[in-house]
2 protein chains.
Amino acid sequence: MPTRYKGTAREIAALNAFIKLNRSVNALQARLLPPLQKEFGLTESQIAVLEAPFHLGPLAQGELCRKILRSGSNVTTVVDNLERDGLVRRERDAHDRRIQIVHLTDAGRDLLMRALPVHVERITRTMSALEPDEQRELGRLCRKLGTSTAV
Amino acid sequence: MPTRYKGTAREIAALNAFIKLNRSVNALQARLLPPLQKEFGLTESQIAVLEAPFHLGPLAQGELCRKILRSGSNVTTVVDNLERDGLVRRERDAHDRRIQIVHLTDAGRDLLMRALPVHVERITRTMSALEPDEQRELGRLCRKLGTSTAV
DNA sequence: AGTATACATTTCGACATCGAATAATTGGAG
DNA sequence: CTCCAATTATTCGATGTCGAAATGTATACT
């Protein structure tokens, strides 16, 4: 005897958009992440962590947290794995020894320079299911939704 | 000496929309999941797994996989945890003993009936950062993006 | 100087997630 | 009827993710 949750029209409209939003992100990840893993052995988090020092130069782990919007403990784990694989290197800040500065190694830079264009190209191709103006509109709506501090 | 990856205008536009899309989903989850965990002890996956037999009645694990778009091994894990907590119950199909049918227990149904309205209300409030027509447009764009089989 | 407070990171335990390998069961081909 | 191929679920090992507690370091106050 399945019971159905009765929502108001307003709730149904919101849920509808919400579900489609989540599904679309799932679908994008399902298309983009397996090839990234297969071809370069990189996860989404790893490429995010590599990109930060690639674009910005050596970086404290705390800054890294804020850039990629993950918890401190998570960044520790991901950096551990990347360090083990020789793609980044940690160095204590000379002036504040609490801080770990994350440096890209040569191997890390090389790998990223091979992986990034392929990855970006795949994102571009996937996103091109939308027209340029649709991409802009999607971006605008997502931004409005994400930055709203509405209770 | 930070090296910057030079993208074409088309790539930059695609990445822009892509990043905003991902960020918005992150932001929504950051707002919705901690309260769900604190108030009801439920994760996103758990509520998804509970909802399926709630709406559809007892359900084979394989069907459940397809409903919530997760791997088989993942569904096994989440159902394990829910079963341990007494929220669902597994029963072997009488005619095909490979199949595990997932039933909601009374405790599971009770919990879901308390949690779901609160959760849906919070989703609705969060999504109301967008006007109704914006929600529709967001849904349309996400759907178009997610279902495109474009290479 | 000594202590208390604040801050950066790590550790720990729990859950989610995947793919590959395995086990159990079914159904069909011969 | 027997055996093989397909199907369903589980196990295993790896990664990511969080929050809470612990650790180490810096700084401010007395």
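Note on naming: letters A, B, ... go to the chains in the order of the sequence lines (proteins, then strands), and numbering restarts at 1 for each one.
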Check your understanding: Are there more than 12 heavy atoms of other residues, nucleotides or ligands under 6.0 Å from atom CZ of A:Arg90?
Key -> yes

Look for any protein N or O under 3.5 Å of an N or O in nucleotides 9-16 of chain C and output each such pair with its distance, or none.
| residue | atom | partner | partner atom | Å |
| --- | --- | --- | --- | --- |
| C:dT9 | OP1 | A:Gln61 | N | 3.2 |
| C:dT9 | OP1 | A:Gln100 | N | 3.0 |
| C:dT9 | OP1 | A:Gln100 | O | 3.4 |
| C:dT9 | OP2 | A:Gly62 | N | 2.5 |
| C:dT10 | OP1 | A:Arg90 | NE | 3.2 |
| C:dT10 | OP1 | A:Gln100 | NE2 | 3.1 |
| C:dT10 | OP2 | A:Gln61 | OE1 | 3.2 |
| C:dT10 | OP2 | A:Gln61 | NE2 | 2.6 |
| C:dT10 | OP2 | A:Thr76 | OG1 | 2.9 |
| C:dT10 | OP2 | A:Arg90 | NH2 | 3.4 |
| C:dC15 | OP1 | B:Arg84 | NH2 | 3.1 |
| C:dC15 | OP2 | B:Arg84 | NH1 | 3.2 |
| C:dA16 | OP1 | B:Thr43 | OG1 | 2.5 |
| C:dA16 | OP2 | B:Asn81 | ND2 | 2.9 |
| C:dA16 | O3' | B:Ser45 | OG | 3.2 |

Check your understanding: Are A:Val102 and A:Ile68 joined in one hydrophobic group, where the rule is that I, L, V, M, F, W and Y side chains link up if heavy atoms are under 4.5 Å apart?
Key -> yes

Study note, to complete from the structure: Closest non-hydrogen contact found for B:Arg114 with B:Val118 is O-CG2, 3.6 Å

Review point. Atom CG of A:Asp93 and atom P of D:dA26: how far apart are they, to the nearest Å?
Key: 9 Å

**Study point:** Nearest-Å distance for atom pair CG/P, residues A:Asp96 and D:dT27
**Key:** 6 Å

**Study point:** Carboxylate-amine/guanidinium proximity below 4.0 Å for A:Arg140 and A:Glu137
**Key:** yes

Check your understanding: When the distance from CG of A:Leu42 to P of C:dC18 is rounded to whole Å, what number comes out?
Key -> 19 Å

Check your understanding: Rounded to whole angstrom units, what separation is found between the NZ atom of B:Lys38 and the P atom of D:dA20?
Key -> 7 Å

Review point. Just how far, in rounded Å, is C1' of D:dT15 from CD of A:Gln37?
Key: 9 Å

**Study point:** hydrophobic_cluster_shared for B:Ile12 and B:Leu21, side chain cutoff 4.5 Å
**Key:** no

**Study point:** Audit row: B:Asp106, B:Arg89, salt bridge (Lys or Arg N to Asp or Glu O under 4.0 Å) steps and yes/no
**Key:** CA-CA 10 Å; B:Asp106 289 345; B:Arg89 178 169 42 84; over 6 Å; no

Check your understanding: A:Leu32 CG to C:dT17 P: how many Å, rounded?
Key -> 18 Å

Point to revise | For atom CZ of B:Arg97 and atom P of C:dA23, their distance in whole Å | key: 18 Å

Practice item. Can you tell me the distance, in whole Å, between the NE2 atom of B:His95 and the C1' atom of D:dT8? Key: 17 Å

